[in-house]
Each structure stands twice: as C-alpha cells, then as structure tokens.
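Here the structure comes first, spelled out in structure tokens, and everything after it is commentary.
Position 1 is the first residue of the sequence; numbering continues from there.
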Amino acid sequence: MEELEFSNRFLGDYVIRGDEIIPEFCPFCHGGEHRDRRTFALNKRKHVFVCHRGSCNRSGHFDELLRLFDIPIVKREGETMNGSSTHSSNEHRSTGRMSGKLMTMPRLVNSAEETNYLHSRGISDDTARAFAVGGDGSGKLLFPFFETKEQFVNKTPVAIKYRYARQIIEGQNKMWREPGTASSLFGMHLCDPKNDTLYVFEGEFDCLSAYQILYGNCVSVPNGSTDLNWVADYRDFLSQFSKVVIFGDNDVPGRAMVEKLIKELDCQVLIPDFELYAGCKDANEILVKYGEERLRFVLSAVQIAPIPGLRDVSAVNMAEDENKLHVSTGMPTLDKILGGGLTFANLFVWTGKSGEGKSTLVSMLALESINQGYPVCVYSGELSDAEFKQTLCLQAAGSNHVLVTENQATKNFERSLPADVQDKIDLWLRGKIVVLDRRAAEVDNSDNLFRLFRMAHKQYGCRVFILDNLMTVKTNGSDSDQYLSQGKFVLELKNFALKYNAIIHLVLHARKSGEERVKYLGDISGSAIVTNAASAVCAVGRTQDTKTKVETSFISCLKNRMEGSLRSVKMKFIPKSRQLIEAGCEERQYRWEDIDTAENR
C-alpha cells in the first residue's frame, strides 16, 4: 500500500503540500487536549512521517504506520532488506487480541451534525450513551470498544473506530481504527452470560440497532466479514453462551461469514431468515426503513442453522422416492423389564427376522422419545426419507385419522392422512426428528455418520439416535475383516452414547437359518462384540398358530444389563396405522393434536 491509498483509507480529510500529506489530526495524539490541527505530515517521497506537536513528536518510517494498522508491507523497488521492508506480501491476518493495552477515551463533544447523523440512522441518545458512542465535534463519530464494564466506567477502551458523520463519498474509507489496538468485539461490556444467547452483527450500527430491541448481548465483529480471527481470540468469552445468533449482512460476504461461523463456533448457531430482510442489507437498514417492530420480528425469527447432511423430518416431501432418566418405550411391560424404560448413555440392539417389524418398532420408539421431549436423529439405510416419514406419520396419527383408498390403477389399498392432520403432525415434528440426508455424498460412511450425529446433538439437541441398520453402514475395513470393523464401529457408538449421554438404538439382522424366530444372541448376524457392547438386546418376531393361522407378535428380551429379566412381551400390530403396541393396550396417542396450526404458521 502506498501513502495516498493509506491516507484515503485511514487519515480522513487531508491536504497535500508538495510531497507531504497533511491530515486534519495526527492519528496518534488526535491534536491533544486543544485539538491542534494539521500537525502531522506523511512524506510520500521519503516514506516517513512526523507529528510536530511537542507532547506527541511521533516520527518514523511509513512502514511503521502500516504495521500499526495491521497492513501487509511489500518491499519497494530499490529498497534494501534493512528490516523496515522485509515483510511478506501474503494476505494479511489480524494479530487479534492485544491484552493489557488500554486507551484513554477522548472527550465526546457531539456537535449537532454528529447527533443528527446518529438520529438519522435510528440510534437513540440512550443507546449511544450505553456504548459511549458520540462525536468529536469535528464531524467524526467515535466507536469505543470496551471488553468489561470496568473499562466502560473508567473510559479506557481497548480500541476506537472512527467514521464521518455523513454519507461516505465513493472510494473513501467508511471506518478506520486507532493504530495498534485490539481487534475486539464491539459491545462486550453490555453482555450478560446469564442470558445464554449472544447476537453477533457485522457492523457497529447493526449492533446499536438491535440493542434498542434486545437491551444487551449484542456485539459486532471487529474487522468486517472476512477476518474471523476474533473467534480464537475470544473463545473464552464466546464459551459463556450456549447459543450464538450470527446476524450477517444480506450480501455475498455476509452470507459467507455466516457459513464460516456455523463451522467455527462450538455452540448452537442460529441464523436469520434473509428473506425477511425485505430487500434490506442489514439490521440498521431494516430499522431505518421499516421501524423497530419489523426489526424485532426479524430478530425473533432466527432459526437453527442448517447442517449439510441433516434434514428436519418435518420438511421431507413424502412424494420423494428417496444418568438415569428413563424414556418410556410406550410398552408398560417392556419398560418394567428394562427397569423403568430406556436409560441414557446406553446402546440398545433390536433384531429379528426380515419383515417382522424391526423398522416399525424403532420408528415408534422415535415418536415415544419426542413425545417425552427428547429430539431424535435417524439414519435409515434401507428406507427412503419419504418412506420413513410415511410410516412415522401413520403411527403418529393413529387409525382414527388414517384414510384408506383403493388405487384404481393397481387395485392396491393405500393409506394417507387428511391435509389438516398432516399439517399438524408436520408442525409437531418440526425440529424434533432429523434424518441423515441420503442425497448427500457418502452419508452412510461411518466417519461422516459420526460427524453428522455430533452436529445433530449440537444444533438440534438430539439425545436419541437410531441406526437402521448396521449392515448398510460403510465401516472402515476390508471385506475380510468386516466383522472386526463392525465391532469397532459399534464400540465407537457406545463411546458416543457415553460422551453425549445419549440413547442409541441399533437395528441388526438375524442370521439366515431355518429357525422360526430369534431365540439366542448367537442367532444375530455380525460380531459378538456388537451384542457385548449393548446394554439390552431385544428380538421382534411373529408366530402363527398352526390350527387357527392367527399371528401373534412379540418382543423377547435376550440380554438385559439393567434388570437381568429375560422375558417376552406379547404385541399387537395394527395394519391401518402401522402401530406396534403391547397386547391389551390402546393405540398410542401423541401430542400433535394439541398443535394450533394457525398459531404456528
């Protein structure tokens, strides 16, 4: 960067006298207490600077200015490698936080021009005072950065940014900061971790605008959308909040910043619906054009940031072909056998012959989990998303709400739900069950599966995970050691359940044999490591009376670390709703019927 470009970006108004660029105020002393003007000169031929004000007297090579403003230095033609110009021309990265270096806050004068400009941007006097934002009396606004309330009270910011209190001329730098100061977050002193949500904005005016509605926990990034080094520098601060809303600008750089921060941050990330910006670029423009109520609405409509590879099951189109809390199974006798129900930090295996109800059972377990407030993540290796959702919705609806019609072309009977019932169920399911999106590449690879499980836990709060079934997961290993690699994968599942205090349901096929049903652990396909890792193993099956030809369904407990009881539960399958319930019990009812569709649209 040359002297003229630097001056245009960082020195504000200036005049040129011969080889010297003379700004209105020195970037170091700002004219001191008496606001002395034109004391600083930058020589564009000799590449040196000096302030003639006695108590300042700063001088040096132009490269020192560049370093102070965190600008990369490129060796000039004819210069030697003398230490002042040996810096690489590679893309610059901010040095980040400069702990311990505090500034003295200049006195705010607030001319009519400066105050009126803040008002024109929708910023109230109370908001400006809360952030100590104001004018210097010469047409410039000051934006001090305080990391603590103590710094705010003592008027000792870690950084100050400036901008003109007017429309910026094309090509002129919009904002500039004090040289050599910290790349801090604007508004940290007003944040309270007791309110566990932090709102991060791209600009200071956006932060001020949102503060007028949220009254706290609003910050803006230090150096625009591209420099994200503040995430590492302020990770301790960010870790105090369980949720972070990234309110980026509605443009390409702003959206790119949002996408990067979704991956960078360790907590749950929420984002705005950019469609609600109504053509505006940012929060401040929404405030100025449409008022506080519109901005309040946009701020309240933030949503969990989508993760590639995870789908909210409520959004699936069925026309596609594609520690010891207990969670009840919905079957009283099975709950009793398992010691009160399913417990967290455990792996449960469900097995049985093909077509005897394993997938039907685990989708019922998914409904029971969300009915008790525990979000679920599902990997279905054999059913398409639409097939899984169709079974799920029929089970949720119950027989009373299922329509059965004959397909005139195929003469088959098809099941469906009335539109109002389907709408209510979709609203009830929203955000409670996500499925691994099989349209994504390699979603069934074991490494990707664990990555998406971790993201489902972070973003959706999933505590229950269903894998249907093990044979469709691509574990790491050759065909010759398939059982060993599957065993290692299941041990990783067990560790995942322990680490995230989760319930994992794993579906396994039975070995091919002449046996009518699965009676022993040895009848289950795969490595013995799998059943050894499980806390309980249950088999789903059917028997048929040889005389009456009546079929009876059952669930047999083959292994039970919780209570040790190995008993069978007589079950009943209801074809119309595809519910699998305990014999003698009524069909299961779920809480979707309490949903008010008008209220939730």
Side-chain angles (χ1 to χ4, degrees), residues 10-12 25-36 39-40 49 51 53-60 64-71 92-110 114 127-138 140-163 175-193 198 200-201 203-204 207-208 211 216-224 227 229-240:
F10 298 107
L11 295 186
F25 295 105
C26 169
F28 297 99
C29 68
H30 303 287
E33 183 180 350
H34 299 292
R35 305 292 288 165
D36 297 329
T39 63
F40 181 86
F49 68 87
C51 178
R53 188 170 167 274
S55 59
C56 177
N57 202 30
R58 290 291 295 266
S59 64
E64 293 180 38
L65 278 179
L66 295 180
R67 288 192 201 101
L68 288 170
F69 280 82
D70 291 337
I71 298 169
H92 168 68
R93 295 190 67 187
S94 171
T95 56
R97 189 172 186 177
M98 300 177 64
S99 58
K101 185 171 182 178
L102 301 179
M103 304 176 60
T104 300
M105 178 76 181
R107 186 169 63 89
L108 299 179
V109 178
N110 287 326
E114 294 152 356
T127 298
R129 279 192 292 269
F131 287 82
V133 169
D136 65 354
S138 69
K140 288 198 290 291
L141 294 173
L142 285 70
F143 296 81
F145 287 63
F146 304 101
E147 295 180 353
T148 65
K149 291 180 180 178
E150 182 182 6
Q151 292 172 5
F152 175 78
V153 171
N154 294 332
K155 294 183 171 55
T156 53
V158 297
I160 299 177
K161 284 175 100 172
Y162 301 87
R163 70 154 288 148
M175 296 193 82
W176 64 97
R177 67 164 56 243
E178 283 280 358
T181 55
S183 292
S184 179
L185 293 167
F186 177 71
M188 286 174 64
H189 67 291
L190 294 170
C191 295
D192 184 356
L198 178 71
V200 178
F201 297 86
E204 289 78 13
C207 175
L208 296 169
Y211 175 83
N217 284 32
C218 297
V219 297
S220 69
V221 301
N223 299 314
D227 183 355
N229 290 298
W230 56 269
V231 176
D233 295 335
Y234 290 89
R235 199 170 291 280
D236 287 346
F237 169 75
L238 296 168
S239 69
Q240 300 176 94

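Using a 4.5 Å cut-off on side-chain heavy atoms (C-beta onward), P222 and R177 make contact. With a 4.5 Å cut-off on side-chain heavy atoms, M188 and Y234 count as touching. T181 has its side chain out of reach of I160: every pair of non-hydrogen atoms, C-beta onward, lies at least 4.5 Å apart. When side chains are defined from C-beta on, V219 does not count as touching W230, because their heavy atoms never get closer than 4.5 Å. M175 is listed as a side-chain neighbour of E204, based on a closest heavy-atom distance under 4.5 Å. Counting heavy atoms from C-beta outward, N229 and S183 have side chains that stay 4.5 Å or more apart. Contact check for P144 versus V133: side-chain heavy atoms found under the 4.5 Å cut-off. Side-chain contact between L190 and C218 is absent, with no heavy atoms from C-beta onward closer than 4.5 Å.
Between the NZ atom of K155 and the CG atom of L102 there is a distance of 14.5 Å, given to the nearest 0.5 Å. Rounded to the nearest 0.5 Å, atoms CG (D36) and SG (C29) are 7.5 Å apart. Atom NZ of residue K149 and atom SG of residue C191 lie 10.0 Å apart, to the nearest 0.5 angstrom.
Between G135 and N110, the closest heavy-atom pair is N-OD1, 2.6 Å. Listed here is the closest heavy atom pair of V158 and S184: CG2-CB, 3.6 Å. Nearest heavy atoms, A132 versus M105: O-CE, 3.4 Å. What you find for R53 and G32 is that their closest heavy atoms are NH2-CA, 3.2 Å.
Taking the ring centre of F25 as origin, the terminal cationic atom of R35 falls inside the region bounded by 6.0 Å and 45° from the ring axis.
The backbone N or O of D192 sits less than 3.5 Å from a side-chain atom of N217, completing a donor-acceptor pair. No donor-acceptor pair closer than 3.5 Å links the side chain of K161 to the backbone N or O of N223. A donor-acceptor pair under 3.5 Å is absent between the side-chain atoms of H189 and the main chain of V153, judged by distance alone. Looking at E114, its side chain does come within 3.5 Å of a backbone N or O of S138 through a donor-acceptor pair.
Relative orientation of the W176 and Y162 rings is parallel, given thresholds of 30° and 60° on the angle between their planes.
For R58, the side-chain contact (heavy atoms from CB on, under 4.5 Å) criterion is met by F28, F49, C56, L68, not counting sequence neighbours. In this structure F186 satisfies the ring pair (Phe, Tyr, Trp, His ring centres under 6.0 Å) test together with F131, F145, sequence neighbours excluded.
A 6.0 Å sphere centred on CZ of R107 holds no more than 12 heavy atoms belonging to other residues, nucleotides or ligands.
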